Visitor: 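Quick one: the structure is below, questions incoming.
Quick note on labels: first sequence line is chain A, next is B, and so on, each numbered from 1. The structure presented is a predicted model; accordingly, all values stated were derived computationally and were not measured.
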Amino acid sequence: MTLPVQLLWLIPALPLLVAGIGALTRHRGVALAAIFAMAGSFALSCLALAGALQDPSVHATYNFAWFDLGHGALRLGFLLDPLTALMTTMVTFVGTLIFIFSLGYMKEDKNFSRFFCFLSLFAAAMLGLLVANSLLLLFVCWELVGLASYLLIGFWFHKPSAAAAAKKAFITTRIGDLGFLLGLLWLADSTGSLLFYDGGQGVLEATALASLSGQTLACGLALSTAIGLLIFCGAVGKSGQFPLHVWLPDAMEGPTPVSALIHAATMVAAGVFLVARVYPLMSADALLAAVPVHALTVVAFIGAITALMGALIACAQNDIKRILAFSTVSQLGYMMLALGVGSSTAAIFHLLTHAFFKALLFLGAGSVIHAAHHEQDIRQLGGLRTKMKVTFATFAIGMMALSGVPFLFSGFWSKEAILHAAHEWDVSHLPLYAGLCAVVLTAFYMTRLVAETFFGKPRSHGAEHAHENSAVMTAPLVILAVCAVLLGFLGTPYWPWLQKTLDPHYEATHGGLGLMLLSIGLVGAGLGLGWALYGRKLRTTAAARDPLDTAAPAVMAVLADRLGFDELYAATVGRLNSATAAFADFLDRYVIGGLVTFLAQLGIFSGGVNRQVDEANLNGGFDAVSESVRGSGLFYSRKQTGETHGYLRVVAVAFVLLALVLALGGVR
Amino acid sequence: MTPLHLCLLISTALFCIGLFGALARSNTILVLLGIELMLNAANINFIAFWRYGPSHGAANGMIFVLFSIAVAAAEAAVGLALIIAVYRHQKNIRLQEATVLKG
Amino acid sequence: MIVALIIIGVLILGSAAAAMLRRNLIHSALLLVASWTGVAAFYLWAGAEFLAFAQILVYAGAISMVVLFAVLLTRQSRDAELPVEPATVTRTASAFAVTASLAAVIGAAVSTARFPASAAEAPSATVKEIGLDLMQEHGAALLIVGIILTVALIGATVIASTDKKRDPEDAP
């Protein structure tokens, strides 16, 4: 039994339905409904996956007209291929576990149902993003996940830091989305379609790609490169890549399950997914020799920078969630690096494994935070190993997966795939070196994290009274831990099932054993260094200085300050923005406002003139007329004295005059 | 000096006497009587011209005087009634004091 | 004839002038009766006997009675007779000036006027002729005069009567 592509919309529709219900009611049952909806979506995803695996090379599409627009119709569609199916399966599976975990984590929150409403909205948008066969539909869902992310980061909006973080996340990703939107519009303008696959007419199919890569812009870039890079801007924003990574650590102000689901496993991976989805477009310029830069080269270097930078900063953080956040930034950089060096399969592989073990780590962190009464500072924790055995065990598995401990853990295999791809990249080996550095650093800071959190003695009241959480929170941890181990075996060089599924033309390369040994050595070095610095001599008090801080305080201060990106942006972008705003304010206030004031004054002046004319001339005229009427009336009323003798006298005089006239004029 | 001239002079004199009375006297009754005298003077003229006028045979002059007398009678009746009303209002009949209707 | 006319004229003018100048109203009224009778005599002199009778009836009979009643009804006490005011003097002077100028103008006009010669015989005007004339040629005017007299009679009664309802304290 498989899920036909026509019914693919059911996968996002189920959580969307729950989100709609959750918007209307505050009943706690919304949470259960959301879990069942996610479970249902997971079941449907499995069916879809089964269908997709029957013939991995087929892009099954179902396109339909949304509305008529001018001469044509705006068309949307659903797409079912292994990428979609694997992603939806992963998202629904991890989502279901995190939903279940949230039952326990958010139990005491008074906005319990609202939380699940938002989570369901997020899940619906994320799944819609995955099944979209249209860049437009993908963009719509893309913005919706951004909205859900905003709502969930700011879920505890009464905390000013949470509200600020939500705003920061929204605005920062919006900068990237602007590029995405421009690329989308440019693509629509160039090809007349936004469907990925449309029976030969889609933008990711040979005709359109040839046309796009054949055109050269004024700056020498191929058109496909320009559009690809613009779309990549969206991925940079959403996936927290350098230089738009600043929002992701702050997003940890949201509830921990949100961090696990959105800011570790799924949404931030959407950027990687996007690049993987439009990979044919991104790589369309690969064969062009004359262009100044290939799109994927940019992607690779951005990824490399991000991977190294994230890992570096993570070493100097003290907040358990922030360490994991920078780790996520770093791992996302890895994925971008993989995409850039031409191995989308390695990127997706790492995306999937990372989703599981990073969700596991975040949920473990959530479990710790929940148990330790919302204490997040690793310096304040400690000694939880014995108090929270399940959490410690699963967290350790996640830590080892992330560090790339060889052979048993999934992170090792996916990381190996990436390093291998980077090694084979013939443009530059710099990304490979950055990746190798990041391997050491990752192992190092994860060791530090585990050592500080779980070993030693409790260093705060919260940690002292911590105890293991209920099964509703530990069960997802165990399941995720199992997955974090097993998932790696889907893509080993010896049985590259995943790679072959995603890319039918994939050919396993058995070389690079030396690289693997080097990487194992580096992981060992990182772990050993971490243990040497933090494990051997355990922290005893919360106020004790970090060994690295003692060694190189200046470097650590800069790293703790996240390399000063926030300050840099505040000083440059923020100040530019303020200056622009001030200029606009000046324009508005004095130029436009002045013009308006001038016009208004002109109106007032002409009104005054009008009034003067009216009062002086017209009114004067009317006043004079009425005054004369009144005056003459007064005059004649004076004449009317009531003295009958006077009247008679006037009559008599008039009679005399009449007689005189008659006598002189002579009427004979 | 024909009789007609004499008649006309008499009527002129009578008219002037009446006019003087109407203008000069303050008693309203005398003013009214002065006006009656002026009417009589006019009647004398009618009769004079009837008697010595150029056209004979027509009784127009007499008829006119007859109507004039009738109107004078009516005028005297109404005028004296008015005088009584004025007297009742202001307790005298001095014309210069009856100025209530002034503007 | 002329002599008779002169005598009649003197009678008319003399009594009229005296009536206008006397301070006593009763005397004035009586003198006016004499003047009106003189006018009637003039009518007789001119050959209009019917008019003379009408004049006697209306003026000497009716109007003089009405005037006498009015004088008696509005009579004031001797004490109320005011001394001659300055306003009265100026009024009299101006009245005299107007009257004199009128007399001069009309007198001069009449004196210098020339009339065509006329028959010495008085035109015949019997009562029957006048009656026929009135009823035939001037019937409409006669009717209108009748209406005027009726209206004047009713009006005079209404004006002179006391409206007790409206202002009872005004009752004499």
Visitor: Considering all heavy atoms of both residues, which atom of A:Ala663 and which atom of C:Val105 are nearest to each other, and what is their separation?
Guide: CB-CG1, 4.5 Å

Visitor: Taking all atoms of both residues into account, what is the closest heavy-atom pair of A:Val656 and C:Val98, and its distance?
Guide: CG2-O, 3.9 Å

Visitor: With a cut-off of 6.0 Å (strictly less than), are more than 12 heavy atoms of other residues, nucleotides or ligands near CZ of A:Phe139?
Guide: yes

Visitor: So what's closer than 4.5 Å to chain A heavy atoms on C:Thr99: side chain, backbone, both or neither?
Guide: neither

Visitor: Answer with side chain, backbone, both or neither: which region of C:Leu102 has an atom nearer than 4.5 Å to a non-hydrogen atom of chain A?
Guide: both

